[in-house]
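As structure tokens, the structure follows; a few thoughts come after it.
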Protein chains: 2
Amino acid sequence: MSVTTLPVVEAAAHDAEKCKIANDMLARVSEKWSMRVVLFLSTQSRRFSDIERGINGISQRMLTRTLRNLERDGLVTRTVTHTRPPRVDYELTEIGFSLKLSLSALGGWVQENEAAVRAARAAFDGRTRS
Amino acid sequence: MSVTTLPVVEAAAHDAEKCKIANDMLARVSEKWSMRVVLFLSTQSRRFSDIERGINGISQRMLTRTLRNLERDGLVTRTVTHTRPPRVDYELTEIGFSLKLSLSALGGWVQENEAAVRAARAAFDGRTRS
DNA sequence: CGGGATCCGGCGCGATACTG
DNA sequence: CAGTATCGCGCCGGATCCCG
């Protein structure tokens, strides 16, 4: 029953359940590798090793965990082909793709304000280091 | 020179510097308390203790750190009034407010897809726990 | 090939106590 | 009132080894 529990959504529709989901989604999206994976899958379906090679510096462990989380949230689908060697393909779902679109909007903000943020940081650091 | 280093912004304008800033901003925004603070400041200027009381469960330490980070990025301003007891007011800058607008868009996505995500999680958990 | 199991360091974050 | 300092836990994320 707290007054301000929800970070993203504002006044409208402010129940506890949605707050939790909103927090979780924001957390998910910022989990260091999630966005890279979503972006990498945004154009086409990819198999595990393709993603691993396509995303620079991700470990096998983290790729697995990231994909599991995205799958759990219904953002990607996992398709296993039982051959030898086995083959697993990952693909963005419809809602996964819509999330990617929303995030691209945030990307727009970054493009417009990146210079200002960098300048602000430099000014702040110069001010406090003295 | 990696091919895919940037999570948010896509094909356009893909230099390393902007990538780093984009990552940083996404990290900042997801720092557990940042969004709550930004949202709380979105309507008006507030003093330290007001924010502390307004945001349910934040510790003094984390509020201080969060505000410092936001200030460093040029998203909030800090105004000190030297009285006894002292008084410090925080206010959203213009670019801080524009960020809030972009994030509200993401909030819209959450509102639309929260039910789907919750259902997906339930289905996934039921599938794997068996 | 596509993972799972385990070990481990770093640090995000909270609780508490102290200061100008 | 608005911080800073210190301590400690949890957990994210990397490395390494093993398995079907």
Side-chain angles (χ1 to χ4, degrees), chain A residues 2 5 7 23-38 40-41 45-73 76-91 124 127-129, chain B residues 2 5 7 23-37 40-41 45-73 76-91 124 127-130:
Chain A
S2 62
T5 329
N23 274 320
D24 290 353
M25 287 314 304
L26 193 53
R28 170 99 330 128
V29 150
S30 64
E31 257 165 22
K32 180 168 191 180
W33 297 108
S34 300
M35 281 311 305
R36 318 258 269 258
V37 172
V38 168
F40 192 74
L41 293 176
S45 169
R46 305 271 197 175
R47 55 186 301 184
F48 189 88
S49 37
D50 289 339
I51 311 177
E52 193 173 10
R53 261 176 280 103
I55 298 182
N56 204 319
I58 192 171
S59 67
Q60 195 182 45
R61 167 195 164 86
M62 287 319 294
L63 179 54
T64 302
R65 304 185 99 215
T66 302
L67 286 169
R68 281 291 176 283
N69 286 332
L70 294 175
E71 185 194 0
R72 187 173 105 95
D73 288 351
V76 307
T77 57
R78 189 179 111 108
T79 316
V80 184
T81 312
H82 295 87
T83 56
R84 218 158 27 251
R87 171 200 179 103
V88 181
D89 289 85
Y90 292 90
E91 187 175 9
F124 184 91
R127 218 180 306 143
T128 56
R129 207 198 313 282
Chain B
S2 62
T5 329
N23 274 321
D24 290 354
M25 288 314 303
L26 192 53
R28 170 102 326 131
V29 149
S30 64
E31 258 166 22
K32 180 167 191 181
W33 298 110
S34 301
M35 282 311 305
R36 320 258 270 256
V37 172
F40 192 75
L41 293 176
S45 169
R46 305 272 197 176
R47 57 187 299 185
F48 189 88
S49 38
D50 289 339
I51 310 176
E52 193 173 10
R53 262 177 279 103
I55 297 182
N56 203 317
I58 192 170
S59 67
Q60 196 181 45
R61 167 194 162 86
M62 287 318 295
L63 179 54
T64 302
R65 303 185 100 219
T66 302
L67 286 169
R68 281 291 175 284
N69 286 332
L70 293 176
E71 184 194 2
R72 187 172 105 95
D73 287 350
V76 308
T77 58
R78 189 177 111 107
T79 316
V80 184
T81 311
H82 295 87
T83 55
R84 223 173 10 262
R87 171 199 178 102
V88 181
D89 289 85
Y90 292 90
E91 187 175 9
F124 184 90
R127 217 180 307 144
T128 56
R129 209 199 313 282
S130 60

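Rounded to a whole Å, the CG atom of A:Leu63 is 11 Å from the P atom of C:dG4. Between B:Asn69 atom CG and C:dC11 atom P there is a gap of 15 Å when expressed in whole angstrom units. Across the protein-nucleic acid pair, B:Arg87 atom CZ and D:dG3 atom C1' stand 16 Å apart, rounded to whole Å. Taking atom CG of B:Leu67 as the reference point, atom C1' of D:dC1 lies 14 Å away to the nearest angstrom. The CZ atom of B:Phe48 sits 5 Å away from the P atom of D:dG3 (whole-angstrom rounding). The CZ atom of B:Arg68 sits 17 Å away from the P atom of C:dC13 (whole-angstrom rounding). Rounding to whole angstrom units, CG of residue A:Asn56 and C1' of D:dG14 are separated by 15 Å. Separating the CZ atom of B:Arg46 from the P atom of D:dA2 is a distance of 13 Å, rounded to the nearest angstrom.
Within the nucleic acid shown, B:Gln60 comes within 4.0 Å of at least one base atom, counting heavy atoms only. No engagement by B:Arg84 is indicated, since no non-hydrogen atom pair under 4.0 Å with the nucleic acid exists.
A close approach under 4.0 Å does not occur between any side-chain nitrogen or oxygen of A:Arg61 and OP1 or OP2 of C:dA5. Remark: B:Arg78 is not in phosphate contact with D:dA2, judged by side-chain N or O atoms under 4.0 Å from OP1 or OP2. Between B:Ser49 and the phosphate of D:dA2, there is a side-chain N or O to OP1/OP2 separation shorter than 4.0 Å. Of the side-chain N and O atoms in B:Arg47, one or more sit less than 4.0 angstrom from OP1 or OP2 of D:dA2. Under 4.0 angstrom from either OP1 or OP2 of C:dG3 there lies at least one side-chain N or O belonging to A:Tyr90.
Checking each of A:Leu70, A:Val38, A:Ile55 against A:Trp33 for a side chain to side chain contact (heavy atoms under 4.5 Å, CB included) leaves exactly one that passes, namely A:Ile55.
The side chain of A:Glu31 lies closest to D:dG13 when the candidates are D:dG3, D:dG13, C:dC13.
Comparing B:Asp50 and A:Met62 by the nucleotide of DNA chain D that holds the closest heavy atom to each, the one mapping nearer the 5' end is B:Asp50. Nearer the 5' end of DNA chain D, as judged by each residue's closest nucleotide, is the contact made by B:Pro86, out of B:Pro86 and A:Ile58.
Side chain of A:Ser34 to main chain of A:Ser30: no donor-acceptor pair is present (N/O by atom type, distance under 3.5 Å, no hydrogens or angles).
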Does B:Thr64 form a side chain to side chain contact (heavy atoms under 4.5 Å, CB included) with B:Phe48? I'd like the steps, not just the answer. CA-CA 9 Å; B:Thr64 302; B:Phe48 189 88; 3.6 Å; yes
Using side chain to side chain contact (heavy atoms under 4.5 Å, CB included), reason through A:Arg65 and A:Met62 one step at a time and then give a plain yes or no. CA-CA 5 Å; A:Arg65 304 185 99 215; A:Met62 287 319 294; 3.9 Å; yes
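Contact detail for A:Asn56 and A:Arg36: the closest heavy-atom pair is O-NH2, 4.0 Å.
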